[in-house]
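Comments concern the structure below.
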Amino acid sequence: MLDPRILRENIDQISDNLKKRGFTLDKDSFLLVDKNRKDIIAETENLKNKKNEISKEIGILKSKNSDVNNLVKKVEVINDELEYKHTELASAEVEFKNFLLSIPNVLDDLVPTGKSESNNKIIKYSNDENLEKSTNDNYRDHSDIGKSLNLYNQEIAAKISSSRFSLLFGNLARLHRALGSFMINEHINNHGYTEVNVPLIVNSESLLGTGQLPKFKDDLFEIKNKENFFLIPTAEVPLTNIFRDVILSEDELPIHYTALSYCFRSEAGSYGKDTKGLIRQHQFEKVELVNAVNPNHSEESLEALVGHAEKILELLNLPYRKVLLCSGDTGFSSSITYDLEVWMPSQHAYREISSCSNFKDFQSRRLNVKYKDKASKKKKYIHTLNGSGLAVGRTLAAIIENYQNNDGEVEIPEILRPYMNNIKFIKNNL
RNA sequence: GGAGAGUUGGCAGAGUGGUCGAAUGCGGCGGUCUUGAAAACCGUUGAGCCGAAAGGUUCCGGGGGUUCGAAUCCCUCACUCUCCGCCA
């Protein structure tokens, strides 16, 4: 949510900025809604003021046993007016709030202008810049490998639940679990994060705070027999909402939380996309990193955060590239986003495996999270950032593909072997 | 699921229809004293919204109601605690 005051005063500038996303801000409507709300507030408050004064007088007169009938009648008239104003105000407030909630975040100056993925700016390649030019087409798809190892099955998962679910068996299941543990251990041991175990079901207030609601309800799983229950699409939601309605002291910042959790996404609108394998599932595991920081430090925090995610890819020795998303590709709540994309040899393409964003004060305003600034002694909104560190299922897929050998076996990255009884290869049925 | 008790400012805790946004204590901040600190003493100390400001308005778990007037009475929901039942 943008600051209505800032929006009011810089409406042209902000409107131009949002245009880069392809978002058209209806300036006149906003100014109208804004003014309407203010006018009604002023009128209502005047009436209340009158009412309060007369009521007070009634109290004083009554204690002196004087006649108060006249005054009581006056208040009754005011009350009638107020009742009308009250409903008028309520709808004006809703209109105002909904308008604000529907506006995406203002983009950082660094964000390149562009419509789609193809305009994203590649910042760096991890090692080999020429992977895309290579002509080795002998790499098999991770689901094929998994199937032929008899350790991956999509059909049975579809029988049990539906499409977009998977079953992992044996050492593949174990490798998946190892990955989650390895990642979160790295963050808590070496990157200064506190591990948090979070609820997987959240209420709509939390989703509103992080920006999934009201606009993206279709992407969520809602629980039917219980009002106001949703499965989390990412641990960002519970992790960030820890701070909702909290005033932190400046000394507490920055706070670094991480969680390994399941994520649930309806994937509405992606029919036919990535139907094979582990890339796009209704249920997947992800290690999430959330930072709550002093606004003065949010830029370097984003760099650090991306570094934390990158470190995982480096330790796993997976080829990747770092990409700065262009204006059209940057998410609703984000001001600036870097994606990490891992090399998937069977697809001959880089695929998103982590997305790291700086939301600045967009979320904290929705969530009402402030810190007490020592210098000014004022309460200010904090900045929030988050990133995946990393998506576990996709990482598993990347490992299977990048570590496959000619015998159809999968080598286990060295750093994961301690989690796997120090075996070196995943073999058929094992 | 049943029965009971509760939810007041950063915390503790008073307040049961009228100058109550709310006593008091602790904590925080500022000061006096001190070489410095502690103690003591004095002062100060919630937030949102509207407003250039003066000021106004709202908030005592959420929502609704009674009343000229509600922290205080009524209804309802949520949460917490105790006891019973069920349960990984």
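No experiment lies behind these values; they were computed from the predicted model shown. Lettering follows sequence order; numbering is per chain, from 1.
- Annotation for A/E414: atom CD does not count as buried by contact number, only 12 or fewer foreign heavy atoms lying within 6.0 Å.
- Base-pair partner of B/rU16: not found among the strands shown (Watson-Crick or G-U wobble, both distances under 3.5 Å).
- Applying the side chain to side chain donor-acceptor pair (under 3.5 Å) criterion to A/N70, with sequence neighbours excluded, gives no partner residue.
- Comparing A/E53 and A/K56 by the nucleotide of RNA chain B that holds the closest heavy atom to each, the one mapping nearer the 5' end is A/K56.
- Residue A/K50 is classed as having no contact, given no heavy-atom separation below 4.0 Å to the nucleic acid.
- In this structure, A/N120 contributes its side chain and A/C326 its backbone to a donor-acceptor pair below 3.5 Å.
- Comparing the P positions of B/rU16 and B/rC81 gives a spacing of 28 Å, expressed to the nearest Å.
- Comparing A/I41 and A/I60 by the nucleotide of RNA chain B whose heavy atom lies nearest to each, the residue mapping closer to the 5' end is A/I60.
- Between the C1' atoms of B/rC68 and B/rC77, the separation comes to 29 Å (whole Å).
- No donor-acceptor pair closer than 3.5 Å links the side chain of A/D34 to the backbone N or O of A/F30.
- A side-chain donor-acceptor contact under 3.5 Å links A/R366 to the backbone of A/L101.
- Judged by Watson-Crick or G-U wobble contacts below 3.5 Å, the nucleotide B/rG9 has no partner.
- B/rG43 sits 11 Å from B/rU24 when the P atoms are compared, rounded to a whole Å.
- When the P atom is compared between B/rA54 and B/rC50, the two are found 16 Å apart, to the nearest whole Å.
- Nucleotides of RNA chain B that come within less than 4.0 Å of any heavy atom of chain A span, from the 5' end to the 3' end, B/rG18 to B/rG69.
- A gap of 16 Å separates the P atoms of B/rG25 and B/rG13, to the nearest Å.
- Note on A/K73: nothing from the nucleic acid sits closer than 4.0 angstrom, heavy atoms only.
- Among the atoms of the strands shown, none is found under 4.0 Å from any heavy atom of A/N46.
- In the displayed structure, A/K50 atom NZ is contacted under 6.0 Å by at most 12 heavy atoms of other residues, nucleotides or ligands.
- Residue A/E43 is tested with A/K48, A/K85, A/K38, A/R37 for a salt bridge (Lys or Arg N to Asp or Glu O under 4.0 Å); the sole match is A/K85.
- Shown here, B/rA38 forms no base pair; nothing in the strands shown gives a Watson-Crick or G-U wobble contact with both key distances under 3.5 Å.
- With a 3.5 Å ceiling on both atom-pair distances, B/rU72 lacks any Watson-Crick or G-U wobble partner.
- A gap of 41 Å separates the P atoms of B/rU32 and B/rC59, to the nearest Å.
- Using a distance-only test at 3.5 Å, with no hydrogens or angles considered, no donor-acceptor pair links the side chain of A/E409 to the main chain of A/K427.
- Residue contacts shown for A/K62 include a base, since a base heavy atom lies under 4.0 Å away.
- Comparing the same atom, P, in B/rG9 and in B/rG61 gives a spacing of 8 Å after rounding to whole Å.
- Pair assignment for B/rG43: B/rC29, on the basis of Watson-Crick or G-U wobble contacts that are both within less than 3.5 Å.
- Spacing between B/rG4 and B/rU8 at atom P, rounded to whole Å, works out to 22 Å.
- Using a 4.0 Å cutoff on non-hydrogen atoms, the parts of residues 31-40 of chain A near RNA chain B are A/R37, A/K38, ordered by number.
- The aromatic rings of A/F362 and A/F332 lie perpendicular to each other, with more than 60° between the two planes, well past the 30° mark.
- Here B/rU67 sits opposite no nucleotide as a Watson-Crick or G-U wobble pair (both hydrogen-bonding atom distances under 3.5 Å).
- Crowding of A/E83 atom CD: a count of heavy atoms from other residues, nucleotides or ligands under 6.0 Å not exceeding 12.
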